[in-house]
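To keep things clear, I will list the structure first and then write my remarks on it.
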Amino acid sequence: MKHSLHQVWTLVKKDILLEWRQQYAFYGILLYVVSTVFVIHLMMDKPEEKTWNALFWVIQLFVSVNAIAKSFMQESRGRMMYFYNLVHPVHFIVAKLVYNLVLMCLMSIIVLVAFFIFLSNPLTHFGYFFGMVLLGGASLSLLFTMLAAIAAQANHNAALMAIMGFPIIMPVLMLLNNISRPAFVPVIQQGVPRMFLMLAGMDVLTIALSLVLFPFLWKD
């Protein structure tokens, strides 16, 4: 157990060091977020609450695609062969899941701050929505990490990840949009706990599929 945790932490630290050395990628995503939100501000000024919420999760979707796609795309075939002989595939995918989860939560907070700066703050329950931002960022990161792992076996084709993810991500985005709506009204709506359970179930299923499928992808 201790050895497994050490391998996972070493791989996570490796990704952090790579991100630090390639800061242009992070700043590129940051520029994309700020410029997109600023353009929305120029076009709509202060959108109504439902539009604000929908725009937030759509931008979250594109940020997650750009931020997480490079997690596997930056791994060359030679480096993957090196890791194949060095670490267990489950440890490798767990490290990717953990790193991308942290990265996406950070990017989600940045998107939220950009929305507050340019599109005002229409929230009634800030704490509830902030928790949803972290939970939604985690859900998107888990899903796109699994898709990025599959796409990496197809000559690192990022377009394949987007194509595979479209029909899968729609239910997640709809759930996130519906669960986050109570943050804009004084009274919490009925049915929210059930939607939370559905989202948690999808996250658990995504993690389980990643742990089961990745060892087979790893062998290819």
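Small disclaimer: the values here were computed from a predicted structure and weren't measured. Starting from 1, each residue takes its place in the sequence as its number.
The distance from atom CG of Leu147 to atom CG of Leu142, rounded to the nearest 0.5 Å, is 11.0 Å. The line from CH2 of Trp57 to CE of Met132 is 5.0 Å long, rounded to the nearest 0.5 Å. Taking OG of Ser139 as the reference point, atom CE of Met104 lies at 10.5 Å (rounded to 0.5 Å). In this structure, Ile59 CD1 and Leu112 CG are separated by 11.5 Å, a value rounded to the nearest 0.5 Å. Atom CE of Met174 is separated from atom CD1 of Ile179 by 11.5 Å, given to the nearest 0.5 angstrom. Between the CG atom in Leu123 and the CZ atom in Phe115 there is a gap of 11.0 Å [rounded to 0.5 Å].
Met198 CE: 12 or fewer foreign heavy atoms inside a 6.0 Å radius. Surrounding CE of Met170 are more than 12 heavy atoms belonging to other residues, nucleotides or ligands, all under 6.0 Å away. Within 6.0 Å of atom CZ in Phe38, 12 or fewer heavy atoms from other residues, nucleotides or ligands are found, so the atom counts as exposed in its surroundings.
Residues Leu173 and Val58 have side chains not in contact (no heavy-atom distance under 4.5 Å, counting atoms from C-beta outward). The shortest side-chain heavy-atom distance between Leu175 and Met202 falls under the 4.5 Å cut-off. Inter-residue side-chain proximity for Leu135 and Phe196 is flagged as met; some heavy-atom pair is nearer than 4.5 Å. Side-chain contact check for Phe144 versus Asn100: every heavy-atom pair is 4.5 Å or farther apart.
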message: Set out, in order, the CA-CA distance, both residues' side-chain angles and the distance that settles side chain to side chain contact (heavy atoms under 4.5 Å, CB included) for Phe118 and Ile40, then state yes or no.
response: CA-CA 8 Å; Phe118 294 107; Ile40 293 174; over 6 Å; no
message: Checking Val94 against Ile207 for the side chain to side chain contact (heavy atoms under 4.5 Å, CB included) test, could you report, in this order, the C-alpha distance in whole Å, the side-chain angles of both residues, the deciding distance, and whether it holds?
response: CA-CA 9 Å; Val94 167; Ile207 295 172; over 6 Å; no
Worked verdict on Ile68 versus Leu103 for side chain to side chain contact (heavy atoms under 4.5 Å, CB included): CA-CA 8 Å; Ile68 295 174; Leu103 176 63; 5.5 Å; no
- request: Decide ring-ring contact (aromatic ring centres under 6.0 Å, His included) for Phe56 and Phe129; before the verdict, give the C-alpha distance in whole Å, the side-chain angles of both, and the deciding distance to 0.1 Å.
  value: CA-CA 11 Å; Phe56 179 85; Phe129 191 80; 5.4 Å; yes
query: Passes side chain to side chain contact (heavy atoms under 4.5 Å, CB included), Thr124 versus Val185? Steps please.
result: CA-CA 6 Å; Thr124 303; Val185 295; 5.8 Å; no
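When all heavy atoms of Pro182 and Tyr128 are compared, the pair lying nearest together is CG-OH, 4.0 Å. Taking both residues in full, the closest heavy atoms of Thr145 and Ser141 are given as OG1-O, 2.6 Å, listed atom of the first, atom of the second, then distance. Nearest heavy atom pair, residue Ala149 against residue Ile93, reads CB-CD1, 4.3 Å. Heavy-atom minimum distance, Ile168 versus Leu143: CG2-CD1, 3.5 Å. A pairwise comparison of heavy atoms in Leu11 and His91 identifies CD1-O, 3.8 Å as the closest pair. Here the closest heavy-atom approach between residue Gly137 and residue Ser108 is recorded as CA-OG, 3.6 Å.
Under the 4.5 Å side-chain heavy-atom criterion for ILVMFWY residues, a single connected hydrophobic cluster contains both Met43 and Phe116. Note on Leu101: it clusters hydrophobically with Ile109, by side-chain heavy-atom contacts below 4.5 Å among ILVMFWY residues. If you chain together hydrophobic residues whose side chains sit under 4.5 Å apart, Val113 and Tyr27 fall into the same group. Under the 4.5 Å side-chain heavy-atom criterion for grouping Ile, Leu, Val, Met, Phe, Trp and Tyr, Val204 is not connected to Val98 through any hydrophobic cluster. Under the 4.5 Å side-chain contact rule for hydrophobic residues, Leu31 and Phe62 do not share a cluster.
With hydrogens and angles ignored, the 3.5 Å screen pairs a side-chain donor or acceptor of Asn53 with a backbone N or O of Asn177.
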